[in-house]
Amino acid sequence: SQTIHQWPATLVQPVGSPLSLECTVEGTSNPNLYWYRQAAGRGLQLLFYSVGIGQISSEVPQNLSASRPQDRQFILSSKKLLLSDSGFYLCAWSWVSFTRDRGGSPLHFGNGTRLTVT
Amino acid sequence: GEDVEQSLFLSVREGDSSVINCTYTDSSSTYLYWYKQEPGAGLQLLTYIFSNMDMKQDQRLTVLLNKKDKHLSLRIADTQTGDSAIYFCADFSGGYNKLIFGAGTRLAVHP
């Protein structure tokens with residue numbers, strides 16, 4: 001079965017410091033990978049998605065970047081954090097192929113990282 | 001762009017049924033999903049429905065789809081305190097291989 005790991009679970013960082021959040025997937029190959037952010041009391045905002053190694057699509061202009069150095073590894077980074085970067089960051093994966101017996105191509109989420117920028 | 005909307009709050013008594021509603025704008029939707037998020041956790045896929053179906057039942061969960069009105073609902077029978085969570089409706093935007101999420105409905109279950 002497939003599993004997704006995301007760490008750290010919580011992080012407190014000062015403004016201006018760098019950021020690196022990591023996500024890995026096990027039990028599948030060539031997944032689509034996603035980073036979402038959930039601000040307090042709000043819905044999900046798609047930040048980045050990747051359909052393959054080195055292929056990153058950015059959904060919103062921002063202070064963050066993403067990289068996919070290996071097939072099942074997805075990293076979210078920042079060189080200098082802003083207060084507005086605080087939030088709950090979720091990594092997710094989906095199958096590349098869209099098949100009815102899998103219910104299309106649903107997302108499967110990690111447990112999230114709570115980032116507080118002080 | 002495509003949009004998904006949900007009411008933000010729902011409060012029900014334990015043992016009653018809960019109905020969480022969602023509307024979407026994508027006329028080419030193929031799959032629609034319901035996710036559950038418990039406090040401090042990621043999102044858990046609860047159920048989904050294919051666009052050529054009107055209803056899907058899975059134990060205490062019933063999903064109804066009105067494709068004409070672009071309206072989706074999730075009914076939870078015999079709601080329990082463990083059902084307290086945020087429920088997200090999501091629409092598969094096939095052209096971009098992405099899910100479009102609603103803002104989430106916070107379900108509070110009280111005795």
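These numbers were taken from a predicted model, which means no experiment stands behind them. Naming convention: chains lettered A, B, ... in sequence-line order (proteins, then strands); numbering from 1 in each chain.
- Note on A:Trp35 and A:Ile53: separate hydrophobic clusters, where clusters join Ile, Leu, Val, Met, Phe, Trp and Tyr whose side-chain heavy atoms are under 4.5 Å apart, directly or indirectly.
- Neither A:Val12 nor A:Leu115 shares a network with the other; the hydrophobic side chains, linked directly or stepwise wherever heavy atoms of I, L, V, M, F, W or Y lie under 4.5 Å apart, form separate groups for each.
- No continuous path of ILVMFWY side-chain contacts below 4.5 Å connects A:Val117 to A:Leu82, so the two sit in separate hydrophobic clusters.
- A:Leu21 and A:Val60 fall within the same hydrophobic cluster, defined by Ile, Leu, Val, Met, Phe, Trp and Tyr side-chain heavy atoms under 4.5 Å apart, directly or through other members.
- Minimum heavy-atom separation, A:Tyr36 to B:Leu99: OH-O, 3.3 Å.
- By the criterion of side-chain heavy atoms lying less than 4.5 angstrom apart, applied directly or through intervening Ile, Leu, Val, Met, Phe, Trp or Tyr residues, B:Met55 is not grouped with B:Leu74; the two fall into different hydrophobic clusters.
- Residue B:Lys56 places its NZ atom among more than 12 non-hydrogen atoms of other residues, nucleotides or ligands, all under 6.0 Å distant.
- At a heavy-atom cut-off of under 4.5 Å, chain A is reached by B:Gln37, B:Gly40, B:Ala41, B:Gly42, B:Leu43 from residues 36-43 of chain B, listed in order of number.
- Taking the side chain as every heavy atom from C-beta outward, B:Phe88 and A:Gln38 approach each other to under 4.5 Å.
- A donor-acceptor pair under 3.5 Å is formed between the side chain of B:Tyr35 and the backbone N or O of A:Leu107.
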